[in-house]
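Order of the sequence lines sets the chain letters (A, B, ...), proteins ahead of strands, with each chain counted from 1.
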Amino acid sequence: MKRVFTWFTTIDVLLLGVIAAIYGVLFTLWWDVYYLVKAIGGPIVARLVTYGLWFMPAPLAASIIRKPGSAILGEVLPALIETMVPTVGGISNIIYGVAQGVFSEIPYAVSMYRKYTLLHSVFSGALPAIPAFILDALLFGDIYPVDQALIVILAIALSGAIYGEIAYIIAGIITGRK
Amino acid sequence: MMRPHVFSTFIYAIVTTLAAFIVRDALWLAIASLVSIIIGSIYGGRRVLYMLLLVVIGFFGVFLNALFFANTGREVASIGFITVREHAIEESLIVALRLLLIAGAGSVLALTHSSSEIARGLARELGLPYSIALAVAFALRSMPLIKQDLDEIVFMRKQRGYGRIPLTPSGVSSVLIPLLSMGYNRALWGGISAELRGLRGIGYRRSITLNIMDVLLFMLLAVLLLCLLIIQ
């Protein structure tokens, strides 16, 4: 256990800490936005508008740090902070965080951690739609007919892709890298 | 008052939360929620009430979800163009109880210990990797500074005629860029300073002696799981 994530320097770890703190707070506040949009536009619009922010720290952390495991930690650590704050989601935040983090890591793992492009960031934002949909279906009983399920997954993935792109742009601005 | 260790509250919280994802029995969910809320209120006091208030607000969203996706079966009530059916009521009850259990289980962990105690406990008692423990500790330490930065950004947004809460992706990015820029520089210089002073990963795990509260908590968890087996 001691030798896990040893390739991260202290600077990387502190950067992950900053991302965790910012998104830990944002995630907590974002619930109000989610319920507001849901009450006005319904569940599909709410997913399209809001879900992406919950997937955003993974591509952001990966685009800034550019090391294996940064996407997973980028997603899990804010969830851990959100659990400690505390929020209504409790430990379920960590369960969602781990599942989404693993799927966010896939695009970077597929490229053997050699490329951290806009496309990788977009996919890293979009892929967590799969575990998010499955966990939502388990927890909230959102079992839809096949056509509606596709629309819901697409709405979540599209939202994640948009926020994945924003994460890449923000990472470029912050680090001064193109 | 004697408190259980972080590791025992963490195990209790994670087992009951995982059960909330799977179990559909309303009686068990209600009992487990009640037990968790009582434990949370013993250590958290009034803070549990705030959490329960948030859960009650969440119930509205749950009912709306059930109306959209599970509104089938016998008609129960009709208000204007909205017809509420049997299955929507059943679904919302189960999901509401699940949320109550998740919030209750979370409060057992989060209200029994302070955030820094949890971070320390996860590293020392559960053997969380040093890098993760350091990131969590830095995140907790950075929170007041980030809150200060966020207040300033929100103030500037209001001065420029934008809303307090950003609702669009571009609005979110207009808040995140300055917030992350400041945080990035803080982490960069903090990291350089720590490395120059020779900070190294020296994560260690302590052996733990169970206290009476840990034993009681595990016994309670065992009883809950036994009840679940009997009910199922």
Less than 4.5 Å to any heavy atom of chain A: does that hold for the side chain of B:A96, its backbone, both, or neither? neither
What residues form a ring pair (Phe, Tyr, Trp, His ring centres under 6.0 Å) with B:Y12, not counting sequence neighbours? none
Passes side-chain contact (heavy atoms from CB on, under 4.5 Å), B:I118 versus B:T9? Steps please. CA-CA 10 Å; B:I118 296 172; B:T9 51; over 6 Å; no
Which pair of heavy atoms, one from B:Y43 and one from B:P4, lies closest together, and at what distance? OH-CD, 3.6 Å
Counting only N and O atoms by type, is there a donor-acceptor contact under 3.5 Å from the side chain of B:R24 to the main-chain atoms of B:I94? no
Chain A contact via B:L122 - which portion, at a heavy-atom distance below 4.5 Å: side chain
Residue part contacting chain A, namely of B:A13, when any heavy atom lies under 4.5 Å: both
Ignoring hydrogens and geometry, is there a side-chain-to-backbone donor-acceptor pair from A:R47 to A:L154 under 3.5 Å? no
Side chain, backbone, both or neither of B:L109 within contact of chain A (heavy atoms, under 4.5 Å): side chain
Per-residue contacts, residues 173-183 of chain B versus chain A, heavy atoms under 4.5 Å: B:S173, B:L176, B:I177, B:L179, B:L180, B:S181, B:G183
Between A:I156 and A:V152, is any pair of side-chain heavy atoms under 4.5 Å apart? yes
Can you tell me which portion of B:L111 sits under 4.5 Å from chain A's heavy atoms? Options are side chain, backbone, both or neither. side chain
Is the shortest side-chain N to carboxylate O distance from B:R85 to B:E90 below 4.0 Å? no
Applying a strict 4.5 Å limit to non-hydrogen atoms, the region of A:L77 in contact with chain B is side chain
For A:I169, which atoms come within 4.5 Å of any heavy atom of chain B: side chain, backbone, both, or neither? neither
Does A:D136 reach the side chain of A:Y96, with side-chain heavy atoms less than 4.5 Å apart? yes
Any B:F21 side-chain heavy atom under 4.5 Å of A:L135 side chain: yes
In terms of heavy-atom pairs under 4.5 Å with chain A, the winner among B:A137, B:G106, B:A135, B:G104 is B:A135
Could you note down all residue pairs passing side chain to side chain donor-acceptor pair (under 3.5 Å) where residues 143-155 of chain B supplies at least one of them, sequence neighbours left out? B:K147-B:D151, B:D149-B:R186
Could you check if a side-chain atom of B:T16 sits within less than 4.5 angstrom of a side-chain atom of A:I91, using non-hydrogen atoms only? no
Which answer fits A:S159, side chain, backbone, both or neither, if we ask what part of it has an atom under 4.5 Å from a heavy atom of chain B? neither
Is chain B contacted by the side chain of A:W31, its backbone, both, or neither, given a heavy-atom distance below 4.5 Å? neither
Name, in order of residue number, those residues of residues 102-112 of chain A that have a heavy atom at a distance of less than 4.5 Å from a heavy atom in chain B; otherwise write 'none'. none
Does B:E125 use its side chain to pair, donor to acceptor, with the backbone of B:V6 at less than 3.5 Å? yes
Does atom CZ of B:F155 have more than 12 heavy-atom neighbours, drawn from other residues, nucleotides or ligands, at distances under 6.0 Å? no
A:Y51 and A:F55 aromatic ring geometry - parallel, tilted or perpendicular at 30°/60° bounds: perpendicular
N/O donor-acceptor pair under 3.5 Å between A:W30 side chain and A:L53 backbone: no
Can you say whether B:V136 sits under 4.5 Å from chain A via the side chain, the backbone, both, or neither, judging by heavy atoms? both
Less than 4.5 Å to any heavy atom of chain B: does that hold for the side chain of A:L15, its backbone, both, or neither? both
Considering only heavy atoms, which portion of A:V88 lies under 4.5 Å from any heavy atom of chain B: side chain, backbone, both, or neither? both
So for A:Y34, is it side chain, backbone, both, or neither that comes closer than 4.5 Å to the heavy atoms of chain B? neither
Examine distances only and state if a side-chain atom of A:S121 and a backbone atom of A:E165 form a donor-acceptor pair shorter than 3.5 Å. no
Would you check if A:L73 and A:I65 make a side-chain contact, meaning some heavy-atom pair closer than 4.5 Å? no
Engaged part of B:F60 at the chain A interface, taking heavy atoms whose separation is under 4.5 Å: side chain
Under a 4.5 Å cutoff for heavy-atom pairs, which residue among A:I81, A:I173, A:L16 has the most contacts with chain B? A:I81
Heavy-atom pairs under 4.5 Å with chain A - which of B:A139, B:S170, B:A66 has more of them than the others? B:A139
Between A:R66 (side chain) and A:S63 (backbone), is there a donor-acceptor pair under 3.5 Å? yes
